[in-house]
Novice: 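First, the structure itself, so that you have it in front of you.
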Amino acid sequence: MKKFVLVTGGTGYIGSHTAVELIEEGFEVVIVDNLVNSSIEVLDGIEQITGIRPHFEKFDLCDSIKIDELCKKYPRLEVIVHFAALKAVGESVEIPLDYYYNNLVSSINLLRAMIDYNIPNMVFSSSAAVYGLPDKLPVTEDSPVKKANSPYGNTKQIIEEIILDTINVNSNLEAISLRYFNPIGAHKSALIGELPLGVPLNLVPYVTQTAIGIRDHLRVFGNDYNTPDGTGVRDYINVVDLSRAHVSAIKRLLDKKCKSNYEVFNLGTGKGLSVMEIVKSFEKATGQKIKYKIYPRRPGDIDIVYADTSYSNRELGWKAEISLEETLLSAWNWEKNIRKKS
């Protein structure tokens with residue numbers, strides 16, 4: 001009998017790729033999304049890749065009544081994979097209350113539903129932002145959680161604390177927080193990928209939109225960081241690799257292999273790359289020249305961060321495997337494909 005998994009924010013970037021991996025692993029996927037930052041057409045892409053259309057419910061997770069109705073409709077839910085959130089660092093600095101309300105209330109509602117409807121497992125989409133400006137690199141799971149550099153990062157810290165506090169008084173619940181570094185790329189089919197609404201807030205879609213002519217140039221925010229070329233350094237991980245880690249985490253929960261009721265894992269490649277290294281790698285992989293201009297730093301950004309992935313590699317039996325060249329080429333193929341449709 002198939003295991004039912006609820007994927008919140010499942011038509012979003014990481015959620016849609018994880019839905020594909022879950023379906024291909026034999027899970028029954030139920031997606032909830034309010035479509036504020038995604039498109040209903042993503043379901044078509046998931047279906048084209050897997051041959052199966054996931055269950056879909058459109059509503060806002062801040063509506064607890066709708067969550068009750070969902071849990072009654074799908075009484076066999078065993079795992080919640082919680083992606084749904086506002087997630088732009090810079091925007092969160094400008095409109096912090098929107099981020100605190102949306103991200104915290106939706107998470108609290110889901111945790112209440114887990115208790116009320118006996119849904120025992122959660123995989124939480126967390127972030128390397130919880131480490132703030134790390135004291136030393138690479139960042140391990142034991143690195144201190146520090147004051148966040150943005151309201152977005154702070155919501156991830158707070159939600160992790162809420163999950164832990166909830167689990168501490170509900171022994172039948174277990175959760176894993178996956179702390180992402182920087183997801184990039186698209187599915188190799190070019191049927192799903194990152195689809196920002198308006199001006200992209202992440203690097204790679206800005207690069208691909210510049211390459212295809214939608215943007216006149218790439219805006220590089222800061223060239224005075226304490227890094228080899230002055231641009232910010234991050235750990236960029238292929239979104240499919242990232243999604244496969246969620247499958248590993250779910251299996252760990254269902255197979256009762258967790259060492260405690262609450263675990264955290266870093267998801268990255270273990271290697272940092274600068275903005276300009278990504279630009280040059282994209283040019284090499286695709287043959288497209290990228291025009292760029294230097295702009296002031298954005299509020300909330302830090303110089304450098306990358307992961308130590310040895311613990312997640314060992315415990316989850318997972319590691320990032322897809323090359324940077326293949327990743328950037330997949331992002332470019334996705335960009336070209338969506339422009340054909342528009």
Side-chain angles (χ1 to χ4, degrees), residues 86-96 99 127-140 143-157 179-185 194 196 198-238 266-286 288-309 324-325 327-328 331-332:
L86 298 176
K87 64 181 183 64
V89 170
E91 183 183 62
S92 77
V93 175
E94 297 170 2
I95 51 171
Y99 272 69
S127 169
V130 303
Y131 297 115
L133 182 60
D135 295 323
K136 62 180 182 178
L137 296 169
V139 177
T140 73
S143 297
V145 172
K146 302 173 71 174
K147 179 175 173 56
N149 283 61
S150 68
Y152 160 73
N154 201 25
T155 66
K156 294 297 185 182
Q157 289 185 13
R179 293 173 175 169
Y180 309 161
F181 282 68
N182 290 68
I184 59 172
E194 189 168 7
V199 179
L201 297 170
N202 293 331
L203 174 61
V204 170
Y206 212 124
V207 169
T208 60
Q209 288 192 13
T210 302
I212 211 161
I214 294 173
R215 310 291 161 196
D216 179 63
H217 61 272
L218 171 68
R219 297 197 289 177
V220 176
F221 294 102
N223 66 344
D224 58 348
Y225 286 103
N226 184 25
T227 62
D229 64 19
T231 62
V233 170
R234 300 291 182 269
D235 188 334
Y236 295 95
I237 177 173
N238 184 288
N266 289 338
L267 298 185
T269 65
K271 179 181 180 182
L273 295 168
S274 74
V275 171
M276 293 313 303
E277 285 178 307
I278 290 291
V279 170
K280 291 173 184 176
S281 297
F282 180 85
E283 290 178 337
K284 182 179 179 182
T286 66
Q288 302 295 313
K289 190 71 177 173
I290 301 299
K291 293 195 300 181
Y292 66 89
K293 293 181 181 178
I294 305 299
Y295 286 74
R297 297 186 185 195
R298 294 179 300 189
D301 278 347
I302 62 176
D303 295 45
I304 179 169
V305 64
Y306 61 95
D308 180 334
T309 62
L324 180 62
E325 180 179 5
T327 299
L328 294 173
W332 177 230

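Predicted model only: the values in this text are computed from it and were never measured.
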Novice: Say you draw a straight line from NZ of Lys271 to CG of Asp235; how long is it, rounded to the nearest 0.5 Å?
Specialist: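 Going from NZ on Lys271 over to CG on Asp235, the span is 10.5 Å.
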Novice: What distance separates Leu324 CG from Ser281 OG, expressed to the nearest 0.5 Å?
Specialist: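 Spacing of CG (Leu324) from OG (Ser281) equals 4.5 Å.
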Novice: Give me the atom names and distance for the closest heavy-atom approach of Gly132 to Asn149.
Specialist: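 So the minimum-distance heavy-atom pair works out to CA-OD1, 3.7 Å.
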Novice: Taking the six-membered ring of Tyr206 as reference, does the NZ or CZ atom of Arg219 fall below 6.0 Å from its centre and within a 45° cone about the axis?
Specialist: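 Cation-pi check for Arg219 and Tyr206: fails.
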Novice: Return yes if some donor-acceptor pair links the side-chain N/O of Arg297 with the main-chain N/O of Asp224 below 3.5 Å, else return no.
Specialist: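 Side chain of Arg297 to backbone of Asp224, a donor-acceptor pair under 3.5 Å: yes, one is there.
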Novice: Determine the minimum heavy-atom distance between Met276 and Asp229, stating which atoms define it.
Specialist: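 Closest heavy-atom pair between Met276 and Asp229: CB-OD2, 3.4 Å.
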Novice: Identify, with sequence neighbours excluded, every residue that meets salt bridge (Lys or Arg N to Asp or Glu O under 4.0 Å) alongside Lys146.
Specialist: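 For Lys146, the residues satisfying salt bridge (Lys or Arg N to Asp or Glu O under 4.0 Å) (neighbours in sequence not counted) are Asp135.
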Novice: Which atom names give the shortest non-hydrogen contact between Ala331 and Val204, and what distance separates them?
Specialist: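 Between these two residues, the closest heavy atoms are CB-CG1, 3.7 Å.
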Novice: Would you compute the distance between atom CZ of Phe221 and atom CG of Asp301 and round it to the nearest 0.5 angstrom?
Specialist: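 If I round to the nearest 0.5 Å, the distance is 8.5 Å.
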Novice: Checking side-chain contact (heavy atoms from CB on, under 4.5 Å) for the pair Phe282/Gln288: CA distance, chi angles, key distance, verdict?
Specialist: CA-CA 7 Å; Phe282 180 85; Gln288 302 295 313; 4.1 Å; yes
Novice: To check you understand the geometry: which heavy-atom pair defines the closest contact between Tyr152 and Ala129, and what is its length?
Specialist: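 Minimum heavy-atom separation between Tyr152 and Ala129: CE2-CB, 4.3 Å.
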Novice: Will you find, in the side chains of Tyr99 and Glu91, an N or O donor that is under 3.5 Å from an N or O acceptor?
Specialist: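 Checked: Tyr99/Glu91 side chains pair up, N/O donor to acceptor below 3.5 Å.
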Novice: Checking side-chain contact (heavy atoms from CB on, under 4.5 Å) for the pair Thr286/Leu328: CA distance, chi angles, key distance, verdict?
Specialist: CA-CA 8 Å; Thr286 66; Leu328 294 173; 5.6 Å; no
Novice: Could you measure the distance from the OG1 atom of Thr231 to the CG atom of Asp303? Nearest 0.5 Å is fine.
Specialist: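 Spacing of OG1 (Thr231) from CG (Asp303) equals 10.5 Å.
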Novice: Strictly by modelled atom types, are Thr309 and Asn266 linked by a side-chain donor-acceptor pair under 3.5 Å?
Specialist: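 There is no such pair (donor and acceptor under 3.5 Å, judged by atom type) between the side chains of Thr309 and Asn266.
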Novice: Got a sec, which residues hit ring pair (Phe, Tyr, Trp, His ring centres under 6.0 Å) with Tyr180, two or more places apart in sequence or on another chain?
Specialist: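 Once residues adjacent in sequence are excluded, the partners of Tyr180 under the ring pair (Phe, Tyr, Trp, His ring centres under 6.0 Å) criterion are His246.
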Novice: To the closest 0.5 Å, what do you measure between OH (Tyr131) and CD (Gln157)?
Specialist: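 Here the interatomic distance stands at 10.5 Å.
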Novice: How many angstroms lie between CG in Asn182 and CG in Asn202, if you round to the nearest 0.5 Å?
Specialist: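 The distance works out to 7.5 Å.
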Novice: To check you understand the geometry: which heavy-atom pair defines the closest contact between Leu201 and Arg298, and what is its length?
Specialist: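 So the minimum-distance heavy-atom pair works out to O-NH1, 3.3 Å.
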Novice: So does Ile290 get a backbone contact from the side chain of Glu283, meaning a donor-acceptor N/O pair under 3.5 Å?
Specialist: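 Flag set: sc Glu283 to bb Ile290 pair under 3.5 Å.
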Novice: Looking only at heavy atoms, which two atoms of Pro151 and Pro96 are closest? And how far apart?
Specialist: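 For Pro151 and Pro96, the tightest heavy-atom pair comes out as CG-CB, 3.8 Å.
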Novice: Evaluate side-chain contact (heavy atoms from CB on, under 4.5 Å) for Leu203 paired with Leu218, printing each intermediate quantity in order.
Specialist: CA-CA 9 Å; Leu203 174 61; Leu218 171 68; 4.1 Å; yes
Novice: Under a 3.5 Å cutoff, is there a donor and acceptor pairing between the side chains of Asn238 and Thr327?
Specialist: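 On atom types as modelled, these side chains qualify, holding a pair under 3.5 Å.
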